[in-house]
Every structure is written in structure tokens, then in C-alpha cells.
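Only one structure is covered here, and it is reproduced in the block below.
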2 protein chains.
Amino acid sequence: MDKQRRDKKEGASAQGRPTLKTLAFMTGLGVTTVSRALKDAPEIGAETRRRVQLVAKQIGYRPNRAGVRLRTGRTNVISLVLNTDREIMSFVSDIIYGVSEVLAETPYHLIVTPYSRSQDPMEPIRYLVETGSADGVIISRTQPNDPRARYMLEHGMPFATHGRTDMGVVHPYHDFDNHAFAIEAVRRLASMGRRKLALLSPPPGLTYYSHTLNGFADALSEVGASEIPFNTVSIDHSIEQIRSRTAQLMRRENRPDGFVSSAAAATLAIVAGIEDAGLKLGRDVDVVSKQSSDLLHLFRPELLVVNENFRLAGSELARSVLGWIGGAAPGSLQSLSLPGEVLAYRHPAG
Amino acid sequence: MDKQRRDKKEGASAQGRPTLKTLAFMTGLGVTTVSRALKDAPEIGAETRRRVQLVAKQIGYRPNRAGVRLRTGRTNVISLVLNTDREIMSFVSDIIYGVSEVLAETPYHLIVTPYSRSQDPMEPIRYLVETGSADGVIISRTQPNDPRARYMLEHGMPFATHGRTDMGVVHPYHDFDNHAFAIEAVRRLASMGRRKLALLSPPPGLTYYSHTLNGFADALSEVGASEIPFNTVSIDHSIEQIRSRTAQLMRRENRPDGFVSSAAAATLAIVAGIEDAGLKLGRDVDVVSKQSSDLLHLFRPELLVVNENFRLAGSELARSVLGWIGGAAPGSLQSLSLPGEVLAYRHPAG
DNA sequence: TTGGCAATCTGTAACGTTTCAGTATATCTA
DNA sequence: TAGATATACTGAAACGTTACAGATTGCCAA
């Protein structure tokens with residue numbers, strides 16, 4: 001036990017992973033020098049620096065995260081905050097991979113911080129900020145006036161939002177241009193002779209709800225089509241609710257001949273509702289839908305789709321937070337992804 | 001600065017979150033006593049214990065994770081190791097939520113450790129073990145002879161596998177009974193008069209590949225049906241590959257009149273392939289598919305489905321790892337989820 | 001020769017926690 | 001009464017890191 005203690009003191013302890021002390025012992029330098037040499041500090045001799053870094057690489061030294069975190073407060077963690085029951089499945093999967101892809105080349109880890117329907121969305125944010133559990137945060141389901149963004153801004157926690165806010169404040173974000181999506185969708189339907197359009201929108205409250213609505217309205221007046229209100233449901237509603245509401249709508253005298261849908265799963269429900277009403281997709285009505293994985297064309301080849309790339313969103317968001325942490329100006333860390341053209345796979349008219 | 005220093009020493013520092021020192025100062029006790037009182041150590045007076053815990057709750061004390069981790073080596077982290085490009089989307093999403101649900105009531109955090117196609121699956125595992133970045137690990141895509149499981153076993157890292165191994169070694173797992181699934185699927189198809197069945201299997205190499213194959217074979221001989229080989233693709237193949245292979249198969253003289261499919265997305269491709277060949281689902285051929293979210297019936301109501309609950313899997317896996325960390329016997333932390341009955345939504349045959 | 005200065009390197013303390021080895025007091029035993 | 005024992009508490013050290021405030025050396029100007 002005495003020997004063991006001496007070995008420890010000398011940093012020569014055979015078992016356990018190498019620490020600065022180990023390196024110091026091996027190089028004959030002090031821990032401080034080793035520490036500084038590893039991070040290219042200026043007051044270290046060029047030769048010493050190279051020597052230390054060589055040895056460090058050889059024995060596979062990796063800084064102890066707890067030590068760094070305790071001393072500096074840096075966690076090397078990015079937290080992705082997700083709603084447990086409202087988030088789109090492919091969104092979760094793709095955004096995680098997108099973020100991971102970027103973090104993989106950094107010392108950062110991704111931790112997933114979930115919150116559920118019943119919880120205040122602020123709760124996980126407060127936890128992260130108060131406990132300093134992360135160096136940066138990514139949030140989704142962004143609102144025009146988002147208390148989470150405001151809170152993090154006030155408390156100096158770097159973050160990026162999926163979707164924009166509208167509170168006269170600048171912060172990193174990545175967003176898909178849903179205004180442009182709605183416009184393209186309406187134009188396409190109009191070009192096929194559709195004149196009475198319904199929109200299955202994102203949930204009211206989120207910023208991209210109004211982006212989508214505005215794009216839809218702008219394009220309607222541009223092409224001279226009219227709107228059939230369909231605002232009792234949103235893509236946050238259950239498949240069954242959307243299906244029955246759609247069927248209900250389609251049985252009315254004044255039914256739409258075109259749909260714009262903001263989510264792929266919801267589109268399945270819309271189509272089911274249309275068919276429940278005895279109508280036929282591509283003949284009686286057309287549907288333009290966003291999708292994040294290329295599956296809708298298998299469902300009904302008559303569907304018109306616009307792709308949204310969540311993996312890209314994840315990567316962009318990760319890059320943004322890291323940029324902010326690294327000291328870049330928040331205003332330079334914003335990106336907007338433009339929708340590609342409306343894709344048709346097999347369509348009677350085309 | 002002198003004052004600030006004194007305040008810090010006394011633990012009365014106003015800013016920053018409370019530490020043991022703060023609590024010690026407030027209660028007039030030593031840090032050691034406070035530390036022990038908070039974890040119900042035996043040698044602390046009942047009244048003192050209550051007093052400390054009261055104050056701690058009042059001021060919202062939360063142990064500093066870095067401090068604990070540095071001192072004890074405990075990370076309070078469970079790592080979910082995922083394959084970036086082969087994992088099913090709904091699997092990722094649901095399992096994360098399942099795990100989260102369980103971890104939410106513990107001090108544990110979930111960190112996602114991804115690896116990509118190009119990487120050795122062992123790499124993230126070695127990283128986790130060597131750096132001690134997690135107290136427990138959850139892995140998927142389990143193989144009969146799984147080097148990851150063996151490695152973690154050898155290195156004393158608690159883990160749970162989604163799917164079983166077959167190396168004469170005991171460890172926690174959660175699995176879906178794919179043997180039973182295949183049997184039920186075949187029986188159902190047989191009961192509808194289907195006699196020439198094809199199986200779209202999991203990727204060879206994973207344990208549940210042979211479970212599924214065995215169930216399929218067992219049931220075939222039970223019901224006296226025959227197999228139409230379809231083993232040039234698995235559910236890991238691309239949608240397009242599965243689709244074209246299916247179409248190819250269906251154009252052959254000796255084509256199947258029934259399919260068993262191990263994944264929902266693959267089923268979309270199978271159906272597309274069937275229809276490419278000019279045949280009709282429910283008339284010329286029937287398909288029984290696993291699904292993890294209730295969407296297939298919207299796709300084609302003639303589909304027969306068996307549900308697999310990935311969220312449950314996540315919860316079970318989390319409970320298992322926590323149990324192992326907590327000292328329970330690995331053998332007592334294994335669970336098998338039985339498939340429900342084969343569900344039909346709308347089928348010509350009733 | 002002396003002092004000054006730059007270039008390198010180093011020891012100490014601190015981050016917040018837990019463990020170890022105590023100390024002080026009260027209570028029991030003989 | 002003396003000693004033993006149980007009870008309740010405490011300080012110091014350590015985990016691995018970095019920041020601070022030196023320390024040592026060599027070299028050059030005056």
C-alpha cells in the first residue's frame with residue numbers, strides 16, 4: 001500500500017488510464033508544463049511541446065472530462081432538448097445523426113434531454129442552465145416569442161433553434177423555408193387546375209405555423225385560388241383525428257380539390273380520409289406534402305412531395321452552437337434551407 | 001477580491017449554485033457531515049439528517065456531477081450506442097424515449113454514442129470503457145457471438161443488449177420474440193390458404209436473424225407450407241433493392257403467395273414490388289409485417305401486422321442496466337416481449 | 001560586474017465531492 | 001471511579017485539471 005501510494009505520487013501507476021501526472025513522470029517535466037504543452041501554449045519550447053505531444057499520443061492520453069469540467073466549468077456536452085410525444089419520429093432520428101456527425105470530430109458529446117407533454121418546456125432548459133450541464137443547447141418547436149430562447153440569452157447559454165423566433169433578438173438558428181414551401185405547393189396545385197385548396201398546417205404557436213400560413217395565403221392570391229378552411233386540426237393531431245376530419249371535409253358540398261400538408265405521417269391520414277369519402281387521389285384531389293424520408297411515393301405514387309432534410313438541419317444546428325461557443329457572432333450562425341422543387345413520381349396528369 | 005475569497009471559503013458566496021460548503025455554512029456543520037447526512041449514512045443523528053435535508057431542499061442543492069465523477073468515478077451516464085445508418089428510424093426515436101422515461105426519475109443522463117457504417121462497432125465501446133464515460137451501456141443489433149458484449153463483460157462495464165446473444169454467457173437483455181412472430185405470421189398466412197411463403201428476414205449476422213428463420217421454418221413444417229427462397233435481400237437493404245427484387249420474384253413462375261416481413265419500411269417496398277409485377281395484395285398474395293408504429297394499415301388496409309413496441313424495449317433496457325449497476329444479478333434482468341396477435345384492418349377475406 | 005529581461009519551466013491552490021482516520025462527548029460496564 | 005464503547009461529528013487528502021504567481025536559466029546592455 002505504501003509502494004502503491006508512492007507509485008501514484010510519481011504518476012507511474014501501471015493500471016488506470018494515463019493522466020497529466022503520468023505524462024509528467026514520463027517526460028520528466030512538471031504537470032503544468034505538460035498541460036500547457038498539450039494545448040500549444042506560447043511559453044513552451046518547441047522541442048518540449050513536440051516531445052510531450054508525441055508521448056501523449058503514444059500512450060493514448062485523453063484528458064479526464066471530470067477534471068476539466070470541475071476546474072473550468074466546461075462540460076464538452078451539447079444537449080438536444082426534445083419533446084417526448086410531439087416530435088416527428090424521423091425528425092428525432094435524423095437530427096440526432098446530423099448532430100452526431102458534426103460532434104464526432106470534436107471532443108463534444110451529445111446528450112438528449114427529453115421533456116413530456118405534461119411538463120413545462122422551460123423545465124429542462126432551466127435545469128441545463130442552472131446545473132451548467134451543457135456548454136450548448138439545441139431546441140426545436142421554436143415559437144415566435146420563445147421563453148426558452150429568451151432565458152438562455154439572458155443567462156449566457158449558447159444555443160441554436162430549429163426554426164426561427166420573432167422577438168427582435170438575434171441568435172443562431174437553422175430553418176427550413178416553409179413560406180417558400182407553401183408557395184411552391186400552391187403554385188403546383190394551381191398549375192394542375194386545382195382552385196380550392198386546404199392546408200394542414202403545423203401546430204399554431206410554433207413560428208413556422210405562420211410562415212406556412214403566410215406562404216399559403218400569398219400564393220393563393222397570386223394564383224387566384226381560394227382557401228377551404230381546415231384549421232380544426234394540425235399535424236400535431238392524431239392520425240385518426242386528421243383522417244376523420246379530412247373525410248368529413250371531403251363529404252361537404254364545398255370540398256377542396258387540393259391539399260398542402262406539412263408532414264408525411266399526416267399526409268397518410270389525409271389520403272385515408274379522402275378515400276374514406278369515396279374520392280380518388282390524383283383525380284378528385286391532389287396533395288402536396290413535405291416528407292423527410294423518401295417513402296411517400298410508395299404509399300401513393302400520385303402524391304406530390306417536397307423533401308426536408310432533417311439530418312442536414314442537425315448538422316447545421318450543431319455547427320451553429322459550436323460556433324457560438326467558439327466565440328463567433330450569433331448573427332453569422334443562421335441558415336435557411338430552401339425547399340427543392342415539388343416532385344411527382346407517377347401522376348395521371350403528368 | 002479579498003472579501004470574495006473569504007466568502008468563498010465560508011461557503012456563503014451569494015452567486016453560483018450551492019455546494020456542500022454552502023450547506024455546511026448554513027447548517028453550521030462540517031462538509032463531511034453534510035455529505036453523509038444527504039445520503040442517509042448511519043452515523044448521522046436523525047435530527048441533523050432531517051435538518052440538512054430540509055435546508056438542501058429549500059435552497060435547491062444539487063450535487064455537482066463533475067465533483068462526484070472525479071471523486072468516485074461514477075458518471076451518472078447511460079450511453080445508448082447506435083448505428084448511424086442502419087438503425088430503423090422509429091427504433092431510434094422510440095427507444096430513446098423509452099430509455100428517457102426511465103432515466104427521468106433517476107440522476108442519470110442519456111448520452112447517444114453513434115458509430116457509422118465505416119467504423120468498427122467496437123470502437124465506441126472501447127472508447128466508453130477506456131475513458132469511463134458511462135456507468136452503463138445499451139447496444140442494439142446484437143449478434144450471437146457479440147464482441148461488444150464480451151468486451152464489456154471482461155471489463156466490468158454494465159450493459160444491456162437489445163436482442164440476445166448466444167455465447168453461453170449471461171447478461172441483461174430485452175428481446176422481442178421473433179421466433180414466435182414468424183410462427184404466428186406463417187400460421188396466419190396458412191389459415192388464409194397461403195402455401196408458398198417468402199421471408200424478408202433481418203440482416204444475417206444478427207441474432208434475431210436466426211430466431212426469425214427458425215420460427216419461419218418450424219411453422220412451415222407445422223402447417224405444411226413451403227418456402228420460396230428470398231434471401232438475396234434483407235430489411236437492411238435499400239427500399240429500391242427490396243422493391244426490385246420483390247418484383248423480380250413475383251414475376252417468376254413459382255412465386256410466393258405470402259410474405260413475412262420483419263420491418264415496416266421494407267414492407268412498403270415489398271408491396272410496391274408486388275404491384276410492380278401487376279399483382280394485387282390480398283388477392284394474389286398476402287403480407288404479414290412487423291411494425292413499430294401504427295401506420296401500415298393506412299398504407300394498404302389489406303396488410304396484416306404484428307406490433308413491436310420499441311418504447312417498451314427502451315424502458316426495459318434502461319431498467320436492466322440500472323439494475324445491473326445497482327448490483328442485481330444479470331440473469332434476473334432479462335426480458336422477452338411476446339408478439340401480440342396478427343392484426344387485420346380490412347381484408348377481402350374478412 | 002551588475003542588473004534586467006526574455007524564455008522556459010514549476011509548485012501550489014482551487015474546482016466539489018467522498019473516504020479515511022480520526023476527535024469529542026455521552027453512556028455503559030465492572 | 002476507570003475504562004471501554006457507542007454516537008455524532010470533523011479535518012485532511014485525494015480524484016485530474018488549469019490558473020496564478022513565481023523560479024531558474026542564459027543572454028545582453030550598461
Side-chain angles (χ1 to χ4, degrees), chain A residues 1-2 4-11 13 15-25 27-52 56 59 61-76 107 131-133, chain B residues 1-2 4-11 13 15-25 27-52 56 59 61-76 107 131-133:
Chain A
M1 180 202 159
D2 204 27
Q4 198 184 355
R5 180 180 214 113
R6 234 192 47 240
D7 279 354
K8 268 247 172 91
K9 265 269 185 277
E10 290 174 1
S13 161
Q15 63 249 46
R17 45 196 280 243
T19 70
L20 287 182
K21 223 185 295 188
T22 321
L23 284 179
F25 178 72
T27 56
L29 297 163
V31 266
T32 305
T33 310
V34 173
S35 172
R36 315 222 61 187
L38 286 176
K39 46 176 59 67
D40 290 316
E43 64 265 71
I44 301 295
E47 152 132 19
T48 305
R49 197 204 322 279
R50 260 185 294 119
R51 203 158 58 85
V52 170
I59 66 173
Y61 167 77
R62 290 166 185 276
N64 179 304
R65 316 185 104 233
V68 176
R69 178 164 172 181
L70 183 57
R71 178 63 235 241
T72 65
R74 283 195 85 197
T75 61
N76 282 322
T131 64
S133 300
Chain B
M1 181 204 158
D2 204 28
Q4 197 187 354
R5 181 181 213 110
R6 234 193 46 240
D7 279 353
K8 270 252 174 87
K9 265 269 186 277
E10 290 173 1
S13 162
Q15 62 250 44
R17 43 196 282 242
T19 70
L20 286 183
K21 225 187 291 189
T22 321
L23 283 179
F25 178 70
T27 55
L29 296 163
V31 262
T32 305
T33 311
V34 173
S35 172
R36 314 222 57 180
L38 287 176
K39 47 176 58 66
D40 291 316
E43 63 266 71
I44 301 295
E47 151 131 20
T48 305
R49 196 205 322 278
R50 261 184 295 121
R51 204 158 57 86
V52 170
I59 65 174
Y61 168 76
R62 290 167 186 277
N64 179 304
R65 315 185 106 232
V68 176
R69 179 163 170 180
L70 182 57
R71 177 64 235 239
T72 65
R74 284 194 81 198
T75 61
N76 281 322
T131 65
S133 300

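Just so it is clear, the structure is predicted and the values come from calculations on it, not from any experiment.
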Open item on the list: Rounded to whole Å, how long is the line connecting atom CG of A:Leu23 with atom P of D:dT17?
Closed with: 8 Å
Open item on the list: Measure CG/B:Asp40 against P/C:dT18 and give the value in whole Å, please.
Closed with: 13 Å
- [ ] Report the distance from atom CZ of B:Phe25 to atom C1' of C:dG16, rounded to the nearest whole Å.
- [x] 18 Å
Task: B:Leu20 CG - D:dT10 P separation (whole Å) - done: 13 Å
Task: Main-chain N/O of B:Val68 paired to B:Arg74 side chain as donor or acceptor, under 3.5 Å - done: no
Task: C:dT17 OP1/OP2 closer than 4.0 Å to side-chain N/O of B:Lys21 - done: no
TODO: Grab the CZ-C1' distance between A:Arg51 and C:dT8 for me, whole Å please.
DONE: 13 Å
- [ ] Measure across B:Ala24 and B:Gly30 and return the closest heavy-atom pair with its distance rounded to 0.1 Å.
- [x] CB-C, 3.9 Å
Task: A:Arg71 CZ - D:dT18 C1' separation (whole Å) - done: 4 Å
TODO: For B:Arg69 and B:Asn76, indicate whether the former's side chain and the latter's backbone hold a donor-acceptor pair under 3.5 Å.
DONE: no
Open item on the list: Using a 6.0 Å cut-off, check whether atom CD of B:Glu43 has over 12 heavy atoms from anything other than its own residue.
Closed with: yes
Open item on the list: Over the length of the helix from C:dT1-D:dA30 to C:dA30-D:dT1, how much do the five-pair end axes diverge, rounded to 10 degrees?
Closed with: 60°
TODO: Identify which one of A:Arg36, A:Arg50, A:Lys39 satisfies the side chain to side chain contact (heavy atoms under 4.5 Å, CB included) criterion when paired with A:Ile44.
DONE: A:Arg36
Open item on the list: Within this structure, what is the CG-OG1 distance for the pair B:Leu38 and B:Thr33, rounded to the nearest 0.5 Å?
Closed with: 10.5 Å
Task: Value rounded to 0.5 Å, distance of CG in A:Asn64 from OG1 in A:Thr19 - done: 8.5 Å
- [ ] Check the distance between C:dT17's P and A:Leu70's CG and give it to me in whole angstrom.
- [x] 9 Å
Open item on the list: Tell me which residues in residues 61-68 of chain B lie within less than 4.0 Å of DNA chain D, going by non-hydrogen atoms.
Closed with: none
TODO: Would you check if B:Thr131 and A:Arg65 make a side-chain contact, meaning some heavy-atom pair closer than 4.5 Å?
DONE: no
- [ ] For B:Thr27 and B:Leu23, indicate whether the former's side chain and the latter's backbone hold a donor-acceptor pair under 3.5 Å.
- [x] yes
- [ ] Answer yes or no: does a side-chain N or O of A:Ser35 lie under 4.0 Å from OP1 or OP2 of D:dT18?
- [x] yes
Open item on the list: For a quick test of reading the model: is some side-chain N or O of A:Lys39 closer than 4.0 Å to OP1 or OP2 of D:dT18?
Closed with: yes
Open item on the list: Can you measure B:Arg69 atom CZ to D:dC15 atom C1' for me and round it to whole angstrom units?
Closed with: 12 Å
Polar pairs (N or O, both sides) under 3.5 Å between protein and nucleotides 7-9 of chain D?
unit_1 : atom_1 : unit_2  : atom_2 : d
D:dC9  : OP1    : B:Thr48 : OG1    : 2.7
D:dC9  : OP2    : B:Gly45 : N      : 3.0
D:dC9  : OP2    : B:Thr48 : OG1    : 3.0

Task: Exam field: side chain B:Ser35 to backbone B:Val31, donor-acceptor pair closer than 3.5 Å - done: no
